[in-house]
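Provided herewith is a single structure, encoded as structure tokens, for subsequent inquiry.
Everything quoted here is computed from the prediction, not taken from an experiment. Hydrogens, waters and symmetry mates are skipped; everything else that's a heavy atom, side chains included, is used. Below, chains carry the letters A, B, ... as their sequence lines are ordered, and counting in each starts from 1.
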Protein chains: 2
Amino acid sequence: MGKNKQVPVEEQSGPLMADVARLAGVAISTVSRALANPGRVNEKTRAKIDAAAKQLGYTPNAMARSLRVGRSNIIMIILPGSLYYGVSQIIPQVLQSINKALIQNGYNLMIANLDRDAESERHILDLAFGGTARGAIILSSKLPEIDGRSLANAGLPIVSMLLDMSDAGLPSIVTNDREAVRDVTAEMIRLGHRRFLYIAGPEGNYHDVERYAGVLEALRDAGVPESAVSRSGGRLDYQQGFAIGVHAAADFAQLADRPTAVIATSDDMAISFISRVQRMGFTVPGDLSVVSFDGSPVCEFSSPPLSTIEQPVEEMGQAAVARLLGAIGRSPEEPALRTTIRSKLILRESVAAAKG
Amino acid sequence: MGKNKQVPVEEQSGPLMADVARLAGVAISTVSRALANPGRVNEKTRAKIDAAAKQLGYTPNAMARSLRVGRSNIIMIILPGSLYYGVSQIIPQVLQSINKALIQNGYNLMIANLDRDAESERHILDLAFGGTARGAIILSSKLPEIDGRSLANAGLPIVSMLLDMSDAGLPSIVTNDREAVRDVTAEMIRLGHRRFLYIAGPEGNYHDVERYAGVLEALRDAGVPESAVSRSGGRLDYQQGFAIGVHAAADFAQLADRPTAVIATSDDMAISFISRVQRMGFTVPGDLSVVSFDGSPVCEFSSPPLSTIEQPVEEMGQAAVARLLGAIGRSPEEPALRTTIRSKLILRESVAAAKG
DNA sequence: AGCCGTTTAGCAAACGATTGCCAAAAATCG
DNA sequence: CGATTTTTGGCAATCGTTTGCTAAACGGCT
């Protein structure tokens, strides 16, 4: 019925809510209500509206909606600028699981990269203060701040992943790194190992501090002196994980009283380390046992298959989203500020009993 | 009854353009002009406005702007749902380079995952038709379409990465897979290899078709019969890259006349394959040479160090962005519809001359 | 018929910016 | 100093949706 004199030459923008209303023969406000709040409208008209919308291929304009209601449905994830290999390995999985969880709840995921430069921080803050982002998940990094603006007071819910920032009042999803390292170290002690090499990430890095503390705890618990462990690395960024392993191998060769057990803080360090020491003539696990961090799939197929502490990324992603949406959904009833997800030790052939 | 004055829980709306105008003592339209078009306004007032904006910590509302001007500054990248390990390895780098290039041009990157389910496709199309996305980069996947809507007619500029869709009229950024495989196969023939094993990805997959064609071309060029190459794999998705390699190793063991050269279509296949055949007692490159695809950093440290064809992801990302922004900014002055980036063969110890 | 509870129409004001317009003010120049 | 150019100030419309409001339409029920 009704002649539509409006010739939609403007392919620029698709059908509007008004078009749907016209086709369905209802008021525009009814359409809006039907779409947003199906309960408040008669089933019959709702069906009519749905049909009209589908027929026109109507898609509501997300920005108009966000502008009106004052909040977007975009969550941003802040990735550390330097994607060190270890994290790099798990990033796709993290993104995948976070994105999936978000979409199921009607949110979208936007990427923000936290490079070292001011421009990058400014960009993230623009996203936050400019109303584009509704919340943020920050992966293993500190909060960006510049020009007197800080992400902390952008009024956005924020969740920290991997890095424990609960001290700063930020909900944090972390793994039990320290405990995991302590356990695996204890296991190695049980296997007779008494001299250790610890291959570190960047000096002062949170993960590194935690993990090394785990080693020390295990030693203390077993009455082994702290001097039993040598450290290598700490000068380079995780980004150069392979390079760290190479260096560590050189360090290892220099040691007078050679360790029989090696704890690496990422899989890539362990892999390049093993590759190099094998070339020097050492055998794994004959001469030395190796365990590392991250749980990269490739570990199963290195030679020898590498023991590793798997980060439960999928679970962490889901936990982060759940936490964030909780904060958005206005539950000021904070559960625990810190959520710990247990990582899983996967023992493979790279670890064996100490000789003699 | 009466006014139900729900307490507007901390209305987080920051300073507005009007506030800046008031503080700077100018009109709101002048502020807008100063920020968008610094040339059209007096240097002195511009400075005054900038100062006021900075003092207030003003950040323009991106959605209001986008709504008004009719286009957003969000680019979405559509990732294949099943992140097979090979692509998974390079995804962080892809995202990194694309995001960087986008930000430099004032755009933002949003992630969209193309899972197998209808919900995921619908979601992507909502982004496109709902005006959220201004353009799309699609990674190694076909265009999503459902409910009579297709990404193709969302009116968005689209660039395809890795997958050649220039036939469908889509600007595509691809690598010269075929040529690269042909060259490396030819090299192996030169080294005396005459029996090949090709470890395939999913049957019918674009990359796989191209790469296998490259093998055949090299054989033909050298006058070696096609029967010289056995195929393994093709049943599993890339996602199970390691599993494919494991299977391939089993297949290899069964072959009567064993190949001396192996071409794997991803690094992970090659790695698990090597791991398994070594366990069976074969040596690499003594008994067989292996080359693979992707250029994962880990290849350098596998045993033996693995020859691989490196995908120039950084370059591809930049090219994709350049192409997309070209399409957004300019008229349809299409350069070449297909841009080919050369991949780079990295020869390591896993390849050697054939015995005898 | 009358009453009452649901639904809906129609209107209008937001949300925060951009932009065209015209007149007013200021700066420039001869 | 008058004429001309440049720069601003207001004003108002616009982007597409949400949402509160009133009044009207509708139906079921007694």
Side-chain angles (χ1 to χ4, degrees), chain A residues 2 6 8 10 12-49 52-53 56 58-73 106 126 129-132 134, chain B residues 1-6 8 11-49 52-53 56 58-73 106 126 129-132 134:
Chain A
Q6 302 284 43
E10 310 253 343
Q12 183 75 7
S13 70
L16 304 183
M17 188 172 278
D19 300 318
V20 177
R22 202 177 310 123
L23 180 60
V26 300
I28 186 172
S29 42
T30 307
V31 175
S32 177
R33 273 181 270 263
L35 265 38
N37 207 348
R40 285 309 296 163
V41 70
N42 189 319
E43 164 62 23
K44 230 176 60 183
T45 47
R46 197 192 55 72
K48 210 163 51 180
I49 290 171
L56 289 174
Y58 170 72
T59 307
N61 184 304
M63 308 215 274
R65 169 170 216 290
S66 296
L67 176 59
R68 174 59 229 252
V69 302
R71 54 200 127 88
S72 84
N73 62 348
D126 283 349
F129 285 90
T132 299
R134 177 88 172 89
Chain B
M1 59 151 286
K3 292 283 191 177
N4 211 349
K5 198 67 176 181
Q6 283 292 51
E11 203 48 51
Q12 173 49 44
S13 190
L16 305 183
M17 188 172 276
D19 299 319
V20 177
R22 200 175 312 120
L23 180 60
V26 300
I28 184 172
S29 43
T30 306
V31 175
S32 178
R33 273 182 274 262
L35 264 39
N37 208 349
R40 282 311 293 160
V41 69
N42 190 323
E43 163 63 25
K44 226 177 65 185
T45 48
R46 197 191 56 70
K48 211 164 49 181
I49 289 171
L56 289 174
Y58 169 72
T59 307
N61 183 304
M63 310 238 215
R65 168 170 218 290
S66 296
L67 177 61
R68 174 59 230 254
V69 303
R71 54 201 129 86
S72 84
N73 62 348
D126 283 350
F129 284 91
T132 299
R134 177 88 172 90

Where is the tightest heavy-atom contact between A:Asp19 and A:Leu16, given as atom of each residue plus distance?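 Distance-wise, the nearest heavy atoms are OD2-N, 2.7 Å.
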- Smallest separation among heavy atoms of A:Ala24 and A:Lys48, with atom names: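 Taking every non-hydrogen atom into account, O-CE, 3.4 Å.
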| Separation of A:Asn61 atom CG from C:dC15 atom P, in whole Å? |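 Going from A:Asn61 (CG) to C:dC15 (P), I get 18 Å.
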Handout entry: Minimal non-hydrogen separation, B:Thr132 against B:Ser72, with atom names
Key =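 Answer, listing the atom of B:Thr132 first, then B:Ser72: O-OG, 2.6 Å.
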**Q.** Phosphate OP1/OP2 of D:dG16: any A:Tyr58 side-chain N/O under 4.0 Å
**A.**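 No.
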**Prompt:** Please give, in whole Å, the distance from D:dG16 C1' to A:Leu35 CG?
**Reply:**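 After rounding, the gap between these two atoms is 13 Å.
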Between D:dG16, C:dT8, C:dA9, spot the one nearest the side chain of A:Ala27, thanks.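 Closest nucleotide among those given: C:dA9.
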Could you state the atom-to-atom distance from NZ of A:Lys44 to C1' of D:dC26 in whole Å?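 To the nearest whole Å, that distance equals 10 Å.
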Roughly how many Å is it from CG in A:Asn73 to C1' in D:dG16, rounded to a whole number?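 Whole-Å distance recorded here is 15 Å.
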Are OP1 or OP2 of D:dT17 and a side-chain N or O of A:Ser32 less than 4.0 angstrom apart?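 For A:Ser32, the contact criterion (side-chain N or O under 4.0 Å from OP1 or OP2 of D:dT17) is not met.
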* Asked: Rounded to whole angstroms, how far apart are CD1 on B:Ile28 and P on D:dG9?
  ->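 Spelled out: CD1 on B:Ile28 to P on D:dG9 is 12 Å.
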inquiry  = With a 4.0 Å limit, can you tell me whether A:Thr45 has a side-chain N or O closer than that to the phosphate oxygens OP1/OP2 of C:dT8?
reply    =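 Checking C:dT8 against A:Thr45, a side-chain N or O does come within under 4.0 Å of OP1 or OP2.
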Q: To the nearest Å, give me how far apart CD1 (B:Ile49) and C1' (D:dT7) are.
A: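 About 11 Å, once rounded to whole Å.
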Worksheet item: Taking for each residue the nucleotide of DNA chain D with the nearest heavy atom, is it A:Met63 or A:Arg71 whose nucleotide lies nearer the 5' end?
Response: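 Looking at DNA chain D, the more 5' nearest nucleotide goes with A:Met63.
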Worksheet entry | Euclidean distance, atom NZ of residue A:Lys48 to atom P of C:dT7 [Å, nearest integer] |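 The distance from NZ of A:Lys48 to P of C:dT7 comes to 14 Å, rounded to the nearest Å.
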* Whole-Å distance separating the CE atom of A:Met17 from the C1' atom of D:dG16 ->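 For the pair A:Met17 CE and D:dG16 C1', the rounded distance is 8 Å.
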If you compare all heavy atoms of B:Ser66 against all heavy atoms of B:Asn73, which two are closest, and at what distance to 0.1 Å?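 The pair with the smallest heavy-atom distance is OG-N, 4.3 Å.
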**Item:** Listed nucleotide nearest any side-chain atom of B:Val41, set D:dT8, C:dT8, D:dG9
**Value:**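 Closest nucleotide among those given: D:dT8.
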Heavy atoms under 4.0 Å, any strand shown: does A:Gly130 hit a base, just sugar-phosphate, or nothing?
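It contacts nothing in the nucleic acid.
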* Would you mind telling me which of D:dG16, C:dT19, C:dT8 lies closest to the side-chain atoms of A:Asn42? =>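 Minimum distance to the A:Asn42 side chain belongs to C:dT8.
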Looking only at the side chain of B:Arg33 (C-beta and beyond, no hydrogens), which of the listed nucleotides D:dG10, D:dT19, D:dG16 gets closest?
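It is D:dG10.
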Original post:
Choosing from D:dC11, C:dC11, C:dT8, which nucleotide comes nearest the side chain of B:Ser29?
Top reply: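 The nucleotide sitting nearest to the side chain is D:dC11.
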Heavy-atom pair of closest approach, residues B:Tyr58 and B:Leu35: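 That closest heavy-atom pairing would be CE2-CD2, 3.8 Å.
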